[in-house]
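Notes to accompany the following structure.
Start at 1 with the first residue, then count along the sequence. Each ligand, and each atom within it, is numbered from 1 in the order the structure gives. These figures come from a predicted structure and were not determined experimentally.
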Amino acid sequence: PAATDYQAEDAALSQATVATNHTGYTGTGFVDYVNVTGSSIEWTVSAATAGASALTLRYANGTTINRPMDISVNGNVVANDLAFGGTGSWDTWQTATVNADLAAGSNKIRATATTDNGGPNVDRLSVSAHGDTERPTV
Ligand code: GCU
């Protein structure tokens, strides 16, 4: 199934910075959240038509503590405290997927840390084609 990748390092960052100090990322780097509640990444994603898509975040968490984030689409939370558990090391990446409706045209997809640990390191967001909520191959 077709999916479009949106690199985290190209998104709008709040209390988060682009980093390259771990291996295995795609694109030119990844995003390291500041360790505070409310730090966020916001992607602008375009959808040809309105409908459900699978939103897949590729992340690393080298701790053993969950780093949950709220996922919102155009300001509406579509996943509360989505879990981003430990991946074994900061060089080991896994994915978390949520299905959500996108509007036709431009959409703002935001991942906001909900604990004082901040978010995990995030490599990219993959958005499946409209109507295809199957998890993309990553
Ligand atoms: C380490 C790691 C960072 C990570 C940070 C964190 O410093 O090198 O990549 O973002 O821990 O706890 O968030």
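Each of Thr95, Val98, Leu125 was checked for a side-chain contact (heavy atoms from CB on, under 4.5 Å) with Thr56, and the lone residue meeting it is Thr95.
When each atom of ligand 1 is checked for a heavy atom of Asn21 under 4.0 Å away, the hits are 8 (O). Close contacts between ligand 1 and Asp32 involve ligand atoms 3 (C), 4 (C), 9 (O), 10 (O) [criterion: under 4.0 Å to a heavy atom]. Each of the atoms 3 (C), 4 (C), 9 (O), 10 (O) of ligand 1 lies under 4.0 Å from some heavy atom of Asn121.
Below 3.5 Å of separation, one finds an N or O of His22 facing an N or O of ligand 1. Not one N or O of Thr63 is nearer than 3.5 Å to an N or O of ligand 1, by distance alone.
Taking 4.5 Å as the limit, every side-chain heavy atom of Val122 sits out of range of all side-chain heavy atoms of Phe84.
A donor-acceptor contact shorter than 3.5 Å is absent between the side chain of Asp81 and the backbone of Met69.
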- Message: Please evaluate residues Asn35 and Asn117 with respect to the criterion side chain to side chain donor-acceptor pair (under 3.5 Å), reporting the C-alpha separation (whole Å), side-chain torsions for both, the decisive distance (0.1 Å), and the verdict.
- Response: CA-CA 4 Å; Asn35 300 114; Asn117 288 323; 5.7 Å; no
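At a cut-off of 3.5 Å, with distance as the only test, a side-chain donor of Thr26 or Gln7 sits close to an acceptor on the other residue.
In terms of protein heavy-atom proximity, atom 13 (O) of ligand 1 is closest to Arg67 NH1, 2.8 Å. Closest protein heavy atom to atom 5 (C) of ligand 1: Trp90 CZ2, 3.8 Å.
The distance from the CG atom of Asp32 to the CH2 atom of Trp90 is 7.0 Å, given to the nearest 0.5 Å.
Within a 4.0 Å radius of atom 7 (O) of ligand 1, the protein has no heavy atom.
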